[in-house]
Structures are given as structure tokens and as C-alpha cells.
Amino acid sequence: MKKILLVGFALVLFSCSKEDGFVGNYQSEKEGKTVDNTIVYNSPYNHNTGYLEEDSITYMFSNTTDLNIKIVPYFGYAYNINYGYNPFGLFVPASGIDVNPFDVVSHTSSVSVYHPGVSSLGPHIFYFANTPYFGGLVDTSEIAKRGKLYFIEVYTGNGLMGQVKIPIQHDFDSTSGLSYPWATMGMNDSFFGHELIYNKESREICSTIRSTDSVKDYLKFVDGGRNYMVSAYMNTSSIVFKVFEI
């Protein structure tokens, strides 16, 4: 049985391309979401003094193949705000999600990851282990409230196939030049060594993707002699990863 919370939404979303839903050039909505058509970046995340979302975010993992897929999502701090220390670019894995052949796993929540100190209401598919991360430098309750999914790891029965990042325009970084309101964080993330940039108005942090990087917002892999691809999609309410045969 498909584990779908929003069936109608899924059908509409998968009928759209990556470019659908991007409006204007740059727009900082009342909720603080980053919508920038110049670099084709349309984010569901917004800064909030209480919880992550005034609305909610739908995370969806679609497997259109006969493979048994496991997804491990990695979260980190979403906003360039003063914590009194530097937790930026440190990514924490949540619990793995099994996506059966020809199945969809979908989850909608006002917090990014379940945390008992933040929210215990409703179903959850993301959980953190009860262990300190990076020597306690990363506060998982803060990620639950103001965190962001940066990338996933994709596994089959033959092991790790690779990683897929959430989409952002390739080669948009300090080397090629950043247009307002984007600026460099002056540092790289600790996992890939990719430059971190942020939006000065929404404060959202992004991990950049260069066209020469081995990890991008899509992944091609071979399993059992057959070719597959994982693509990432994003709009102002959702993040979707879709696995399909090519």
C-alpha cells in the first residue's frame, strides 16, 4: 500500500518540471521564503522565531523502479543567524527511509525533523539518533525547528549508490559572482567541501553545486546491469526525490 498523505498533491507535483512555480526575479515572501527566478531557486524554508514553518513542508520520495531503495536524509542549520558559535555546514543524518518498488513515501510537517523537545504531534518519518553530533556542536532540537534538508544518500541492495543534493543553479558561487541578495559565507560545508552561500534577506543558507562536482542535484547509477537516475525537485511547499530507470 502506498504511504501517501497527499495523493492529489503528488499527482500534480510530478506533472511539473523543475522550472514550474518560480515567480518574479527575487522575492522575499512574508514568511521569509526564498524565491529567486534569476538562479531558479524556489525554497519551502522560512526563518521563524518559533518553529521552522508558518506553513508546512512536504517531503516526498518516489520510487518508480523494481528496486528496494533506502534513503538517508542529511539535515543542517538552515539560516545564517548568530548562535554564538559556528554550526554551519555540519550535516546530521536522520533515520533511513525504506521506499519499496513502485511506491511513494510522503510526509508533511511544520518541523523538519521529529524531536521530543519540539513536537510530538502527528506522524513522522525523520528521526535523529539520541547521540551528540560533532561533539555537541550541533543541536538537533534547533535543526528540528530551523533546520533544512541539504542532501540524501541513496542505497540499494548492493550498497550506497551516491548522494543527491537539493537543487540550486550550478556554478552560482563567489567564483562566478553572486548577485544581490546573495553573499558567500566565507566557508565550505564539512561533508563535500562545497562553498556555502546565503540570502541576505531571507537568511537561508545554500550549499553550492559546480558543474564539475561529482555530487549534484541528480544522480545516475547502475545496478544489476540497468541504468537508473535520481532527480531532485523543489518548490515553495515541497522537496521531492524521484528514482526512475533510464
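Model, not experiment: these values are computed from the prediction. All residue numbers refer to positions in the sequence shown, counting from 1.
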With sequence neighbours left out, which residue pairs that include part of residues 225-234 fulfil the salt bridge (Lys or Arg N to Asp or Glu O under 4.0 Å) condition? Asp66-Arg226, Arg226-Glu245
Could you go through Ser174 and Thr184, starting from their C-alpha distance and side-chain angles, then the distance that decides it, and tell me whether this counts as side-chain hydrogen bond (donor to acceptor under 3.5 Å, both in side chains)? CA-CA 6 Å; Ser174 62; Thr184 182; 4.6 Å; no
If you measure from CZ on Phe151 to CG on Leu219, what distance do you get to the nearest 0.5 Å? 12.5 Å
Apply side-chain hydrogen bond (donor to acceptor under 3.5 Å, both in side chains) to the pair Ser176 and Asp171, showing each step before the final yes or no. CA-CA 7 Å; Ser176 58; Asp171 299 315; over 6 Å; no
Minimum-distance pair of heavy atoms, taken over all atoms of Pro93 and Tyr133: O-OH, 3.8 Å
Minimal non-hydrogen separation, Met234 against Ser43, with atom names: CE-CA, 4.3 Å
Can you tell which of Phe192, Phe191, Phe91 makes a ring-ring contact (aromatic ring centres under 6.0 Å, His included) with Tyr74? Phe191
Does Ser202 form a side-chain hydrogen bond (donor to acceptor under 3.5 Å, both in side chains) with Thr34? I'd like the steps, not just the answer. CA-CA 6 Å; Ser202 70; Thr34 310; 2.5 Å; yes
Minimal heavy-atom distance between Ala183 and Lys200, with the atoms involved, is CB-CE, 3.5 Å
As a quick check of understanding, evaluate side chain to side chain contact (heavy atoms under 4.5 Å, CB included) for Tyr228 and Val222, giving each step before the final call. CA-CA 6 Å; Tyr228 300 92; Val222 178; over 6 Å; no
Can you name the closest pair of heavy atoms from Thr212 and Lys216 and give their distance? C-NZ, 4.5 Å
Do Asp223 and Thr156 get their side chains close enough for a donor-acceptor pair, meaning under 3.5 Å? yes
Please check this pair: side chain of Asn63 against backbone of Leu67, looking for a donor-acceptor N/O pair closer than 3.5 Å. yes
Out of Tyr45, Tyr41, Tyr198, Trp182, which one pairs with Glu204 under the side-chain hydrogen bond (donor to acceptor under 3.5 Å, both in side chains) rule? Tyr41
Rounded to the nearest 0.5 Å, what separation is found between the CD atom of Glu195 and the CE atom of Met187? 11.0 Å
I would like to know whether Phe172 and Ile197 meet side chain to side chain contact (heavy atoms under 4.5 Å, CB included); could you show each step before the answer? CA-CA 9 Å; Phe172 184 70; Ile197 61 175; 3.8 Å; yes
Using modelled atom types and a 3.5 Å cut-off, is there a donor and acceptor pairing between side-chain atoms of Ser238 and backbone atoms of Asn235? no
Can you measure from CG (Asn227) to CZ (Phe244) and round to the nearest 0.5 angstrom? 11.5 Å
Looking only at non-hydrogen atoms, find the nearest pair between Phe88 and Ile81 and report the distance. CZ-O, 3.3 Å
Between Val72 and Ile152, is a side chain to side chain contact (heavy atoms under 4.5 Å, CB included) present by the stated rule, with each step listed? CA-CA 5 Å; Val72 177; Ile152 63 170; over 6 Å; no
Test your reading of the model: is there a side-chain donor-acceptor pair from Lys33 to the backbone of Thr236, 3.5 Å cut-off? yes
Under 3.5 Å: donor-acceptor pair, side chain of Asn199, backbone of Glu201: yes
Look at the side chain of Ser237 and the backbone N and O of Ile57, then say whether any donor-acceptor pair between them is shorter than 3.5 Å. no
One pair to check against side chain to side chain contact (heavy atoms under 4.5 Å, CB included): Leu160 and Glu153. What are the steps and the verdict? CA-CA 7 Å; Leu160 176 64; Glu153 289 182 332; 3.8 Å; yes
Does Asn80 use its side chain to pair, donor to acceptor, with the backbone of Ile205 at less than 3.5 Å? no
For Lys70, does its backbone N or O pair with a side-chain atom of Asp98 as donor and acceptor, under 3.5 Å? no
Less than 3.5 Å apart, which donor and acceptor atoms pair up between the side chains of residues 162-170 and the rest of the protein, not counting sequence neighbours?
from	atom 1	to	atom 2	distance (Å)
Lys165	NZ	His194	ND1	2.8
Lys165	NZ	Ser207	OG	2.8
Lys165	NZ	Thr208	O	2.8
His170	NE2	Asp217	OD1	3.0

Ile246 CD1 to Lys220 NZ distance, which is reported to the nearest 0.5 Å: 5.0 Å
Using 30° and 60° as the class boundaries, would you call the ring planes of Tyr77 and Tyr85 parallel, tilted or perpendicular? perpendicular
